[in-house]
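First listed ligand is number 1; within each ligand, the first listed atom is number 1.
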Amino acid sequence: MKNDKKIFSIVLVLAMVIGTVALSGCTQETKNKIIVGTSADFPPFEYKDTNGTIIGFDIDLIKKVLTDQGYTVEVQDIGFDSLIPALQTGKIDVIAAAMTITDERKQQVNFSIPYYDANQAVLVKVGANVTITKIEDLKNYTVGAQTGTTGWAWVNDTLVATGMLNNDKFRSYDLYTDAVADLIIGPSRVGAIVIDSPVAKAFAKSGNVKIVLNITTNESYGFAVEKGNAELVNKINTGLTAVMATTYWEELVEKYFTT
Ligand code: GLN
């Protein structure tokens with residue numbers, strides 16, 4: 001009876017040791033895997049190819065930077081407005097979504113060094129009866145933007161808060177792809193969209209929509225990590241600086257921004 005007890009104890013201790021080793025192995029593995037959150041409605045930075053695979057400048061870039069730093073990468077498509085909450089609750093580790101570095105966001109996340117500059121632009125439907133040559137002209141139309149973006153904030157602060165645009169003529173969208181689809185339906189839905197300038201150019205390539213106005217906002221995009229995660233942001237900065245000094249960077253720019 002005594003011996004049985006002893007054996008039982010030894011087995012129990014062994015099981016605990018094996019269990020601990022197995023568990024720490026798991027932790028190690030999950031630490032090396034980075035979940036990147038994006039909003040795949042923003043060509044050429046992040047969008048879906050015909051198979052539904054998420055591709056784009058940001059996706060190639062962050063994958064290259066993180067794999068160079070020894071991580072494996074998984075990309076998840078989340079609405080733009082839900083990206084910061086997803087980061088804060090640990091559902092994702094990095095945001096790669098052409099996210100503008102702003103003082104307000106800096107209170108909530110840590111940004112990498114800037115990797116791309118942008119302004120805002122106004123898109124309208126080709127052939128629609130819409131005349132916009134200056135900012136004030138926007139008051140005559142329904143104006144759309146994606147919730148939570150700097151474009152949305154510009155419409156809100158510059159047009160709506162000043163009383164220039166009636167609030168019921170301001171239309172918010174979860175996705176910019178839906179905003180552009182509405183624009184193509186016509187001015188009865190939405191007459192103009194305010195959107196980042198490089199993305200406006202990408203949508204205009206379809207020939208259905210065109211840029212009629214540029215708005216200088218001097219924005220810079222950064223990758224974001226959870227506030228206080230200095231280790232990850234340092235690794236991203238190291239990797240990003242290195243990649244930006246190689247021909248990979250030029251090839252990436254050419255792949256997504258020429259023709
Ligand atoms: N650059 C803009 C922002 O940060 C828009 C980004 C986006 O819609 N993906 O708000």
Between Asp41 and Tyr176, is there a donor-acceptor pair closer than 3.5 Å when you use the side chain of the first and the backbone of the second?
yes

Check whether any side-chain N or O of Lys255 sits under 3.5 Å from a backbone N or O of Gly56 as a donor-acceptor pair, and report yes or no. no

Any heavy atom of Gln120 under 4.0 Å from ligand 1? The part involved is neither

Checking heavy atoms under 4.0 Å, the part of Tyr221 that sits near ligand 1 is side chain

Ranked by distance from atom 6 (C) of ligand 1, the top protein heavy atom is Ala98 O, 3.3 Å

### Message
Between ligand 1 and Ala97, can you find any atom pair, the residue atom being a heavy atom, that is separated by under 4.0 Å?
### Response
yes

Return yes or no for this condition: an N or O of [X] is under 3.5 Å from an N or O of ligand 1.
| X | result |
| --- | --- |
| Thr100 | yes |
| Arg105 | yes |
| Asp41 | no |
| Gln146 | yes |

In ligand 1, the atoms that come under 4.0 Å of a heavy atom of Met99 are 4 (O)

Checking heavy-atom distances from atom 3 (C) of ligand 1 to each of Asp81, Thr150, Thr102, the winner is Thr150

Closest to atom 1 (N) of ligand 1 by heavy-atom distance, out of Asp196, Thr147, Thr38, is Asp196

- [ ] Answer yes if the side chains of Asp196 and Gln120 hold a donor-acceptor pair under 3.5 Å, and no otherwise.
- [x] yes

